[in-house]
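Report on the structure given below.
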Amino acid sequence: MAPEVLLNKGATYVSDFYSLGCLMHLMLTGRSPDYDMDPNENLEKIKARDVSPKGLKLRIPNVSAECLSLLSGLLSPNPHTRLGFKLGAS
């Protein structure tokens, strides 16, 4: 679930881009990027996670730089810097 949804700030199309990033992460690793039954714990994990391509490379070593760049853009915790926002999908 996107951070803005966990914070009750509402969902937009940009939230769906975050969900797509989570789905891609799950397909590549077999694990959700930050799943916890407690929504507050989820939010803390999302804030602490390094979603830069370099940080993701440590967690998902066998994928291309292009894939890591895409994931980095999709999993940005800030909806205003997330991939898709600048395309008017907010």
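Computation of the quantities below employed the complete heavy-atom set of this structure, encompassing side-chain atoms and omitting hydrogens, waters and symmetry-equivalent molecules. Predicted model, so just to flag it, every value in this text is computed and none were measured.
Between S72 and P53 the shortest heavy-atom distance is OG-CD, 3.4 Å. Of all heavy-atom pairs between D50 and G55, the closest is OD2-CA, 3.2 Å. For the residue pair P33 and C22, the shortest heavy atom distance occurs at CG-SG, 3.8 Å.
Linking ILVMFWY residues whenever their side-chain heavy atoms come closer than 4.5 Å, directly or via other members, leaves L23 and L70 in distinct clusters. No path of Ile, Leu, Val, Met, Phe, Trp and Tyr side chains, each step under 4.5 Å between heavy atoms, connects L26 with V5, placing them in separate hydrophobic clusters.
For the residue pair S76 / N78, no side-chain donor-acceptor distance below 3.5 Å is found, with atom types taken as modelled.
By the 4.5 Å heavy-atom criterion applied to side chains, R59 and T29 are not counted as neighbours. Residues I60 and H25 have side chains in contact (heavy-atom distance under 4.5 Å, counting atoms from C-beta outward). Under the 4.5 Å side-chain criterion, counting only non-hydrogen atoms from C-beta, R82 is in contact with P79. A heavy-atom distance below 4.5 Å is found between the side chains of S15 and E4. In this structure, the side chains of L71 and L28 come closer than 4.5 Å at one or more pairs of heavy atoms.
Here Y18 contributes atom OH and T12 contributes atom OG1; the two are 13.5 Å apart, rounded to the nearest 0.5 Å. With rounding to the nearest 0.5 Å, the separation of CG in L74 from CG in L83 is 5.0 Å. From C67, atom SG reaches atom CG of L56 across 9.0 Å, with rounding to the nearest 0.5 Å. Atom-to-atom distance recorded for K54:NZ and K57:NZ is 12.5 Å, nearest 0.5 angstrom.
Other residues, nucleotides and ligands place no more than 12 heavy atoms under 6.0 Å from the CE atom of M1.
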